[in-house]
Number of protein chains: 2
Amino acid sequence: MAGTRLDPIDRKILAELQADGRMTNVELARRVGISAPPCLRRVRTLEESGYIKGYHAEVDARELGFEVQVFAMVGLASQAEADLTAFENRCRAWPLVRECHMLNGEVDFILKCAAPDLSGFQKFLTGELLTTPNVASVKTSLVIRCAKDDPGVPFDVLEARLSAAG
Amino acid sequence: MAGTRLDPIDRKILAELQADGRMTNVELARRVGISAPPCLRRVRTLEESGYIKGYHAEVDARELGFEVQVFAMVGLASQAEADLTAFENRCRAWPLVRECHMLNGEVDFILKCAAPDLSGFQKFLTGELLTTPNVASVKTSLVIRCAKDDPGVPFDVLEARLSAAG
DNA sequence: AGTGAAAGTACAGCTGA
DNA sequence: TCAGCTGTACTTTCACT
């Protein structure tokens, strides 16, 4: 299932659904050049095999009152596996933390956070993140503005690589 | 249109569609507790007023051969507005750069990049990013693993704030 | 509620190993 | 020959007025 090889039509389906996840199946079929039933079967297969992990509406955070976006660089005192996973579990429980990535290099984790306002974030920072056991250092950077926020992967790069490889 | 106030049903619709963007309208209506036709009208209104900016399939980058995810912290020599926007436009043209956020503090931009492998990223780093005019410093951190990657905003936080405010 | 379109199912034909 | 995918025909469900 994981190693299922994708043909060009499958990749086109993924690219189209990444760009517009609510496209109807007939429109999708038209765009990838096959009829609707096999197109739907391919979509189901891609979902079941894990290539498609879900569908999400992209909502406007600012319009909804989440004015503040912050990146937090976190260093831990102990990098033992148990301590790393303990911190990850904390992050999963914090709704303000939208993303949590473990990094190499000097900083252990980077968190992408969304908060209604600065005081809301400060409250989380001082009341939650900084009081968490094993958290040694936190450096935060406010997002001034977002120039690009594309979802997923660049399919044109993928196609270029595949055609180069043959 | 931008300042349109949302009622609890609208917010529930947004929360449901953020969690599952391909849900049918009848299922969505059932979950938010209204009948299908007004539910569809609300969705259309939310789309047109910009609360919903789009729908996207969440694809598995690793399965597709994008093994490497990197955060790049970029410092510019000049932070004049024209130079900032020039760099942002560069980022928009680079497919490997998926996100580009301008930050406050010591670093000017943070980029989230996706690449097929390390050499592919290195090629981009040395051949593109580091040779860009005005780029003074770049620090990169490889993502070891991703503990959390939730889309959008935490609607439970929003509801808590609204009920607290009255 | 009612119409028209899309989703989903069953089956038969084609293509390539 | 056989497996796998495709397309046509049909039923059910949904979108939309």
Side-chain angles (χ1 to χ4, degrees), chain A residues 1-60 63-64 151-153 155-156 158-159 161-166, chain B residues 1-2 4-60 63-65 151-152 155:
Chain A
M1 48 181 73
T4 310
R5 200 81 192 93
L6 299 181
D7 67 9
I9 295 179
D10 288 322
R11 296 196 298 270
K12 192 91 199 307
I13 287 175
L14 290 174
E16 292 289 344
L17 286 180
Q18 181 175 276
D20 179 5
R22 225 175 148 78
M23 192 184 301
T24 65
N25 183 58
V26 296
E27 171 66 12
L28 179 62
R30 194 189 62 75
R31 293 196 186 200
V32 304
I34 60 178
S35 66
C39 183
L40 185 62
R41 277 195 293 270
R42 281 169 180 265
V43 172
R44 292 285 174 269
T45 304
L46 290 169
E47 289 168 355
E48 284 159 19
S49 57
Y51 283 99
I52 296 175
K53 295 195 284 184
Y55 301 90
H56 308 285
E58 180 189 358
V59 305
D60 192 314
E63 288 288 326
L64 279 167
V153 299
F155 278 95
D156 45 358
L158 185 64
E159 294 300 332
R161 278 181 73 87
L162 290 172
S163 64
Chain B
M1 48 182 69
T4 310
R5 200 82 192 93
L6 299 181
D7 67 9
I9 294 179
D10 288 323
R11 295 196 299 273
K12 191 90 201 304
I13 287 174
L14 291 174
E16 292 290 344
L17 285 180
Q18 181 176 274
D20 179 6
R22 225 174 148 77
M23 192 183 304
T24 65
N25 182 58
V26 295
E27 171 66 12
L28 179 63
R30 195 189 61 76
R31 293 195 185 200
V32 304
I34 61 178
S35 65
C39 184
L40 186 62
R41 274 197 299 273
R42 282 168 180 267
V43 172
R44 292 285 173 269
T45 304
L46 290 169
E47 288 169 354
E48 284 159 18
S49 57
Y51 283 99
I52 296 175
K53 295 196 284 185
Y55 301 89
H56 306 284
E58 180 189 358
V59 305
D60 190 314
E63 289 288 326
L64 279 167
F155 278 95

Legend entry - Those residues that, when tested against A/E16, pass salt bridge (charged side-chain N to carboxylate O under 4.0 Å, His left out) (two or more places apart): A/K12, A/R31
Legend entry - Contact list for DNA chain D against residues 23-41 of chain B - heavy-atom distance below 4.0 Å: B/T24, B/N25, B/V26, B/L40
Inset, instruction - Using a 4.0 Å heavy-atom cut-off across all strands, classify A/R42 as base, sugar-phosphate, or nothing. - result: sugar-phosphate
Inset, instruction - Please step through side-chain contact (heavy atoms from CB on, under 4.5 Å) for the pair B/I52 and A/D60, ending with a clear verdict. - result: CA-CA 6 Å; B/I52 296 175; A/D60 192 314; over 6 Å; no
Inset, instruction - Looking only at non-hydrogen atoms, find the nearest pair between B/P38 and B/I34 and report the distance. - result: C-CD1, 4.2 Å
Legend entry - Selection residues 17-26 of chain A - residue pairs positive for side chain to side chain donor-acceptor pair (under 3.5 Å), sequence neighbours left out: none
Inset, instruction - With a 4.0 angstrom cut-off to heavy atoms of chain B, pull out the first and last contacting nucleotide of DNA chain D, in 5'-to-3' order. - result: D/dC14 to D/dC16
Legend entry - For A/G21 against A/Y55, the heavy-atom pair lying closest together: O-CD2, 3.8 Å
Inset, instruction - Sequence neighbours left out, what passes side-chain contact (heavy atoms from CB on, under 4.5 Å) with A/P8? Give chain and number order. - result: A/R11
Legend entry - Sequence-distant partners of B/D10, side-chain hydrogen bond (donor to acceptor under 3.5 Å, both in side chains), two or more places apart: B/R42
Legend entry - With sequence neighbours excluded, residues passing salt bridge (charged side-chain N to carboxylate O under 4.0 Å, His left out) with B/E47: B/R44
Inset, instruction - Go through DNA chain C in 5' to 3' direction and return only the first and the last nucleotide with some atom under 4.0 Å of chain A's heavy atoms. - result: C/dA6 to C/dT9
Legend entry - Set of residues satisfying side-chain contact (heavy atoms from CB on, under 4.5 Å) with respect to A/A15, sequence neighbours excluded: A/F155
Legend entry - Chi angles and distances behind the side-chain contact (heavy atoms from CB on, under 4.5 Å) call for A/L14, A/L6: CA-CA 10 Å; A/L14 290 174; A/L6 299 181; 3.7 Å; yes
